[in-house]
Amino acid sequence: MSQKKAQIQVEQKVPESIVKKTQRDSKLRDLVVKRRAERLGQNKVRRAQLEKSAQAYEAEYKASEKGLVDSIRKAKSEGGFYVPAEAKLMLVIRIRGINTLNPQVRQTLRLLKLRQLHNAAFVRINKATIEMIRKVEPYITYGYPSRTVIKNLIYKRGYAKVNGQRIPLTSNNIIDQQLGKLGIHGIEDLIHEITTVGPHFKEANRFLWAFKLRGPRGGFIAKRRSFINQGDWGNREDLINDLAKRMI
């Protein structure tokens, strides 16, 4: 009798819950693999588009520089002078702290995104911003930044303002999520919009957090004297680039 029992094979049935869990896990695994492949494909296409845009911007910059040189040479050959177009963009740097600061001056500095010492920000040149600059001129220095300085500031000191938080620009996805609807999908698009003061300059500049710079190598000369009087505050025009390079 015991031998007959041993010969009987008991069929083990897998619980239905385990079967369903196995099927569900398999579907989820396949879905994750599919989404990852789609994401990698989209990223590859996006990178190609960003590289193409960067090359187009570089060609545009070179053409602009060549046009400027050609215009200067043509005017010189004809015995005249070439007057370049007025600048559209200013780089403003705060050089003094908060001691004995007038409330109106403090509010104007906040509107310029210059809340702390050695903060820097881009400002579009128009009548309103010129009036604001005049109110706080003894506390700032400003000038017309070059494309190289703009690029270095955004690459090396650039932070984004997302939901009131200061987020480092470590990925183009951050820019795409916030400014993609405006046609700004990557950091080169952002640099181009700032450099050329494009139609969406306001949104792009608002997206950037104020640049936090260090004290300039070699220090300041005299913060309480204007730049034209061998001091520091005031308009430096193109010489702002030398100061910015020492503070980045």
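Since this is a predicted model, take the numbers as computed values, not measurements.
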Identify all side-chain donor-acceptor contacts of residues 72-86 below 3.5 Å with residues at least two apart in sequence or on another chain.
unit_1: S77; atom_1: OG; unit_2: R73; atom_2: O; d: 3.3
unit_1: S77; atom_1: OG; unit_2: K74; atom_2: O; d: 2.7

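Look at R147 and E65 and you find a salt bridge, because one of the NZ, NE, NH1 or NH2 atoms lies within 4.0 Å of a carboxylate O, short of that distance. Here R134 pairs with E131 in a salt bridge; the nearest charged N to carboxylate O distance falls below 4.0 Å. Between D70 and K66, at least one side-chain nitrogen of the basic residue sits less than 4.0 Å from a carboxylate oxygen of the acidic one, meeting the salt-bridge criterion.
Linking ILVMFWY side-chain heavy atoms closer than 4.5 Å, directly or via other members, places Y142 and L208 in two distinct hydrophobic clusters. Cluster annotation: F207 is connected to V197 through the hydrophobic network of ILVMFWY side chains, with a link wherever side-chain heavy atoms come within less than 4.5 Å.
Residue-environment remark: NZ (K223) exceeds the threshold of 12 foreign heavy atoms within 6.0 Å.
No side-chain donor from either of N241 and Y144 sits under 3.5 Å from a side-chain acceptor of the other. The closest side-chain donor-acceptor pair between N229 and S226 falls under 3.5 angstrom.
Inter-residue side-chain proximity for R157 and N152 is flagged as unmet; no heavy-atom pair is nearer than 4.5 Å.
For F122 and F211, the ring centers sit closer than 6.0 Å to each other.
Chaining together hydrophobic side chains whose heavy atoms lie under 4.5 Å apart leaves I228 on its own.
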